[in-house]
Protein chains: 2
Amino acid sequence: MTTRGRGLHGHVLESLGPAITAGDYPPGSVLRTDELAQRFEVSRSVMREAVRVLESMYLVESRRRVGVTVRPKSEWNVYDPQVIRWRLAGADRPHQLRSLTVLRSAIEPVAAGLAARHATAEQCAELTECALGMVSTSRGQQLEAYLVHDVAFHRVILNASGNEMFARLGDVVAEVLSGRTHHDVMFEDPDPAAVTLHVKVAAAVREGDAPRAERLTREITVGALQELDVLAP
Amino acid sequence: MTTRGRGLHGHVLESLGPAITAGDYPPGSVLRTDELAQRFEVSRSVMREAVRVLESMYLVESRRRVGVTVRPKSEWNVYDPQVIRWRLAGADRPHQLRSLTVLRSAIEPVAAGLAARHATAEQCAELTECALGMVSTSRGQQLEAYLVHDVAFHRVILNASGNEMFARLGDVVAEVLSGRTHHDVMFEDPDPAAVTLHVKVAAAVREGDAPRAERLTREITVGALQELDVLAP
DNA sequence: CACGAACAAAAAGTCAGACTTATATGTCAC
DNA sequence: GTGACATATAAGTCTGACTTTTTGTTCGTG
């Protein structure tokens, strides 16, 4: 999850990708593979591989006799984990964080409802454990430990929903929660009300009470949105 | 949106991608680029580009001295439009369609609520036009024309939500709706109740009534889920 | 027999150069 | 201005040689 610079082409991507998503090359900009290859001091074949990957992310389009043109932002595959990471690391981080939090607010309540119906005994146990972990680390400036349990909690919910599309958002949620703790100001201990809500969600899932699990999770996500409004109105 | 076989590497992808997502190569299977290059009668450089793209979709992992190994299904980037198309064309189409419909049921109501708040006058007009189009084509076996308006309607909602993550799901919704009309049995005209709901949603968005827009859209998606239960229980 | 170090083989990774192909654009006749 | 045609350009493709990493084996030593 740290550096993904596997191979030369990966290294190039790690440099070009953030530059494009940051808007250094506005939509319509034209790059040439030969020039890029020289700039990054790699062979054309390596550069071509990097361009192919950017193309599969819908960040650029490669056309004969024209070059590699940057596509408009609206066409980017914003669900690509790599793209998400690049954008979160860039300048429009706040905007990106809001988009993702809104996405969470739509997905997670539904996922919790499904989890209440489909969760296995093992998943219920895991969930309870996470909730307890959150409680025990919710006071005394143990933000890092709290974050671990918080991320784990939401991951279990998403996985237990039984929907692969939901499950795949675990990484996104992890990024958002992690960002809140690390980047944004978070001097104080987490909101006790939020902690209680997590405990209640775990209980609702355990008891198979789908509507209640959904409603409680919606309260959590509403809280997350409000928190965002306070920080960046 | 039809054939994306741009260039040789694209052609290879169009063949290898569906094979992998269909499960022809079970997770852990090992492929070798040289062998693949021979099989598809392309040069190694072209095959390498194809592998890089598959790698960026988290479908495979390329490691030295071992080869190109197929990753487990749970790690695939199921939000990649290409991957979605491949899987919808494959054997587990019903399962995939259900996953996507559940996703819709989570996203679209929230998107409609946001649209009611953020939609521009132009978007409202477009939405009304779509709804009227749906009404006028809802009877008399004009399924194709109806589909066009239906897709347009949902696209406008997603775009008007102002959330880029939602907006990017327009293609997914289009695939799902299109699949329902084309692949699954759809002899009869669309459900009149559904048509009415769309008209009401358009009105709610126009009036800026977010809760109503959300609730009505939820009714639509619930209907879609029920429809799915009837077809594939 | 267990354990570790040295070694060899295998496959991806990298590079350089020559060639092909599509295509945007400019030119010229009409 | 419009059409056909020529040309330059940059991506696309192929090939062959070389490098690097990693795995599994072999062999020596405790």
Side-chain angles (χ1 to χ4, degrees), chain A residues 2-17 19-20 24-72 75-76 82, chain B residues 2-17 19-20 24-72 75-76 82:
Chain A
T2 51
T3 51
R4 187 166 284 275
R6 296 236 314 233
L8 277 186
H9 92 107
H11 193 258
V12 170
L13 278 175
E14 219 55 48
S15 178
L16 241 191
I20 293 176
D24 291 357
Y25 306 93
S29 304
V30 178
L31 312 170
R32 273 161 301 160
T33 40
D34 287 23
E35 189 203 316
L36 290 173
Q38 278 188 17
R39 173 135 54 97
F40 290 102
E41 297 178 321
V42 296
S43 66
R44 285 198 304 283
S45 41
V46 166
M47 197 61 208
R48 285 181 56 73
E49 290 172 25
V51 168
R52 283 282 176 258
V53 173
L54 293 175
E55 204 175 18
S56 84
M57 294 167 172
Y58 295 79
L59 259 50
V60 303
E61 186 181 7
S62 180
R63 281 171 56 196
R64 270 189 157 112
R65 175 59 215 271
V66 171
V68 178
T69 62
V70 178
R71 304 182 90 143
E75 296 179 11
W76 298 350
Q82 194 103 264
Chain B
T2 51
T3 50
R4 187 163 282 275
R6 297 237 314 234
L8 278 186
H9 92 107
H11 193 258
V12 170
L13 277 175
E14 219 53 49
S15 177
L16 241 191
I20 293 175
D24 291 359
Y25 306 94
S29 304
V30 178
L31 311 170
R32 272 160 304 160
T33 39
D34 286 21
E35 188 202 318
L36 289 173
Q38 279 189 16
R39 173 134 56 95
F40 289 102
E41 296 177 323
V42 296
S43 67
R44 287 193 302 286
S45 43
V46 167
M47 187 46 84
R48 284 181 57 74
E49 290 172 23
V51 168
R52 283 281 176 258
V53 173
L54 292 175
E55 205 175 17
S56 84
M57 295 168 173
Y58 295 79
L59 259 48
V60 303
E61 186 182 6
S62 180
R63 281 170 55 198
R64 271 184 156 115
R65 174 57 216 271
V66 56
V68 179
T69 63
V70 178
R71 303 182 92 143
E75 296 179 9
W76 298 350
Q82 194 102 264

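Chain naming here is simple, since letters A, B, ... match the order of the sequence lines and numbering starts at 1 in each. Please read all numbers here as calculations on a predicted model, not as lab measurements.
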Give DNA chain C the dot-bracket treatment, 5' to 3': Watson-Crick (N1-N3 with N6-O4 or O6-N4) or G-U (N1-O2, O6-N3) under 3.5 Å, [ ] crossing, | other strand. ||||||||||||||||||||||||||||||
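Note that CG of B:Leu16 is 9.5 Å distant from CG of B:Leu59, once rounded to the nearest 0.5 Å. With rounding to the nearest 0.5 Å, the separation of CZ in A:Arg71 from OH in A:Tyr58 is 7.0 Å.
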Treating primed atoms plus P, OP1 and OP2 as sugar-phosphate and everything else as base, which nucleotides of nucleotides 13-21 of chain C get B, S or - for protein heavy atoms under 4.0 Å? BBB-BB--B
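Here B:Ser45 pairs with B:Ser43 under the side chain to side chain donor-acceptor pair (under 3.5 Å) rule; sequence neighbours left out. When the side chain to side chain donor-acceptor pair (under 3.5 Å) test is applied to A:Arg39, the partners found at least two apart in sequence or on another chain are A:Tyr25. Residues satisfying the side chain to side chain donor-acceptor pair (under 3.5 Å) criterion with B:Arg44, sequence neighbours excluded, are absent altogether.
The side chain of B:Arg32 lies closest to C:dA12, out of C:dA10, C:dT23, C:dA12.
Note that the first and last nucleotides of DNA chain D, 5' to 3', having any atom under 4.0 angstrom from a heavy atom of chain A are D:dA8 to D:dT13.
Classification of A:Glu49 and A:Arg52 as a salt-bridged pair fails, no side-chain N sitting under 4.0 Å from a carboxylate O.
Atom CD of A:Glu35 has more than 12 heavy atoms from other residues, nucleotides or ligands within 6.0 Å.
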Let's go through A:Val46 and A:Phe40 carefully: what are the C-alpha distance in whole Å and the side-chain angles of both, what is the deciding distance for side chain to side chain contact (heavy atoms under 4.5 Å, CB included) to 0.1 Å, and is it a yes or a no? CA-CA 10 Å; A:Val46 166; A:Phe40 290 102; over 6 Å; no
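With hydrogens and angles disregarded, a donor-acceptor distance shorter than 3.5 Å links the side chain of B:Ser29 to the backbone of B:Pro26. One N or O on the side chain of B:Arg6 and one on the backbone of A:Ser62 form a donor-acceptor pair closer than 3.5 Å.
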